[in-house]
Asks: 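I'd like to ask some things about the structure below.
Computed from heavy atoms alone, side chains included, the values below leave out hydrogens, waters and symmetry copies. By convention here, the first residue in the shown sequence is residue 1.
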Amino acid sequence: ITAKVRANGNEQIRVVFRPVNGVEGPEGQTAASLRWAGSKVRGVAGAEGTNCTSGATDGNSEQQINSTWVRSGHLSCTVSFSLAGASKLPPGTYKTDLEVKVVTQ
């Protein structure tokens, strides 16, 4: 994921994602949540001191991929997703759609 941002002043810049419709598995919709592991590839200008985060989703709410970022620049992260508690889920294919966006405030 790469975000290039031109911020106004010291706005908080957040790169966020959310699962759009939950997780669908071999038996239909499931309560499975996602874990993600972010790793910074590159930060330029105001994003030099920003890191990429790791964590777990709690349903369909937005999750922030980056740490504090307040000045214009660009950030590149690799992000890997996995199912939380996968060993307790039935075998098969699981899928979800993700919405990824940059939010400034």
Side-chain angles (χ1 to χ4, degrees):
I1 297 172
T2 298
K4 296 180 181 181
V5 179
R6 183 173 181 108
N8 293 321
N10 281 336
E11 292 181 313
Q12 173 72 25
I13 302 164
R14 299 182 317 124
V15 181
V16 298
F17 78 90
R18 72 176 184 87
V20 177
N21 294 313
V23 178
E24 186 176 321
E27 298 173 0
Q29 285 297 109
T30 178
S33 61
L34 297 174
R35 288 188 302 221
W36 79 94
S39 178
K40 182 176 171 181
V41 175
R42 185 172 185 219
V44 175
E48 284 184 81
T50 302
N51 289 309
C52 303
T53 64
S54 298
T57 63
D58 55 355
N60 291 337
S61 64
E62 287 185 347
Q63 304 296 315
Q64 188 167 327
I65 295 174
N66 64 293
S67 63
T68 303
W69 180 11
V70 294
R71 294 181 321 161
S72 298
H74 75 260
L75 175 68
S76 294
C77 302
T78 59
V79 183
S80 300
F81 293 92
S82 62
L83 290 171
S87 63
K88 297 178 183 174
L89 297 171
T93 301
Y94 290 79
K95 67 179 183 174
T96 188
D97 293 320
L98 298 176
E99 175 186 69
V100 178
K101 62 185 178 179
V102 174
V103 179
T104 59
Q105 51 191 132

Asks: Counting C-beta onward and ignoring hydrogens, is there a side-chain heavy-atom pair between T104 and V5 closer than 4.5 Å?
Replies: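 Yes. Closest side-chain heavy atoms under 4.5 Å.
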Asks: Supply the atom-to-atom distance E27 CD to L89 CG, rounded to the nearest 0.5 angstrom.
Replies: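 It is 9.5 Å, given to the nearest 0.5 Å.
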Asks: What are the two closest heavy atoms between A7 and I13, and how far apart are they?
Replies: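 Closest approach of A7 to I13, heavy atoms only: CB-CD1, 3.8 Å.
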Asks: For a quick check under 3.5 Å, do Q63 and S61 share a side-chain donor-acceptor pair by atom type?
Replies: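 Checked: Q63/S61 side chains pair up, N/O donor to acceptor below 3.5 Å.
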Asks: Got a second to check how far S67's OG is from N51's CG, nearest 0.5 Å?
Replies: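 Here the interatomic distance stands at 4.5 Å.
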Asks: So which atom in P90 and which in P26 form the shortest heavy-atom distance, rounded to 0.1 Å?
Replies: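 Looking at all heavy atoms of both residues, the closest pair is O-CG, 4.3 Å.
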Asks: Nearest 0.5 angstrom please: I65 CD1 to L75 CG, how far?
Replies: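 Reported to 0.5 Å precision, the distance equals 9.0 Å.
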Asks: Do other residues, nucleotides or ligands put more than 12 heavy atoms under 6.0 Å from the CZ atom of R18?
Replies: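 Yes, the 6.0 Å shell around CZ holds more than 12 heavy atoms from other groups.
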Asks: Hey, does V100 have a side-chain heavy atom less than 4.5 Å from the side chain of V16?
Replies: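 They are not in contact (no side-chain heavy atoms under 4.5 Å apart), so the answer is no.
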Asks: Could you tell me the separation between the CG atom of N66 and the OG1 atom of T50, rounded to the nearest 0.5 Å?
Replies: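 Result: 6.5 Å between the selected atoms.
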Asks: Verify the cluster assignment for V70 and V15: are they in a single hydrophobic cluster under the rule of side-chain heavy atoms below 4.5 Å apart?
Replies: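 Not linked; separate clusters.
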Asks: Starting from the C-alpha separation in whole Å, work towards a yes-or-no answer on side chain to side chain contact (heavy atoms under 4.5 Å, CB included) for L83 and L34.
Replies: CA-CA 5 Å; L83 290 171; L34 297 174; 4.0 Å; yes
Asks: Heavy atoms only: give me the nearest G38-S54 pair and the separation to one decimal.
Replies: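 Smallest heavy-atom distance, with atoms named: N-OG, 3.2 Å.
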Asks: If every non-hydrogen atom of W36 is compared with every non-hydrogen atom of A56, which pair is closest and at what distance?
Replies: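 Smallest interatomic distance, heavy atoms only, reads CZ3-N, 3.2 Å.
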Asks: How close do A45 and S72 get, heavy atom to heavy atom, and via which atoms?
Replies: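 Smallest interatomic distance, heavy atoms only, reads CB-O, 3.6 Å.
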Asks: To the nearest 0.5 Å, what is the distance between OG (S82) and CZ (R35)?
Replies: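 S82 atom OG to R35 atom CZ measures 4.0 Å (nearest 0.5 Å).
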Asks: As an exercise, state the distance from OG1 of T68 to CD of Q12, rounded to the nearest 0.5 Å.
Replies: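 Here the interatomic distance stands at 5.5 Å.
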Asks: Are E11 and R71 packed together at the side-chain level, in the sense that at least one heavy-atom pair is separated by less than 4.5 angstrom?
Replies: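 Counting from C-beta outward, E11 and R71 never come under 4.5 Å.
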Asks: Is the ring centre of F17 less than 6.0 Å from the ring centre of F81?
Replies: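 Yes; F81 has its ring centre under 6.0 Å from that of F17.
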Asks: Does N21 reach the side chain of T96, with side-chain heavy atoms less than 4.5 Å apart?
Replies: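 N21 does not reach T96 side chain to side chain.
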Asks: Should E62 and K101 be marked as a salt bridge (charged side-chain N to carboxylate O under 4.0 Å, His left out) after you check the CA-CA gap, both sets of side-chain angles, and the distance that decides it?
Replies: CA-CA 10 Å; E62 287 185 347; K101 62 185 178 179; 3.0 Å; yes
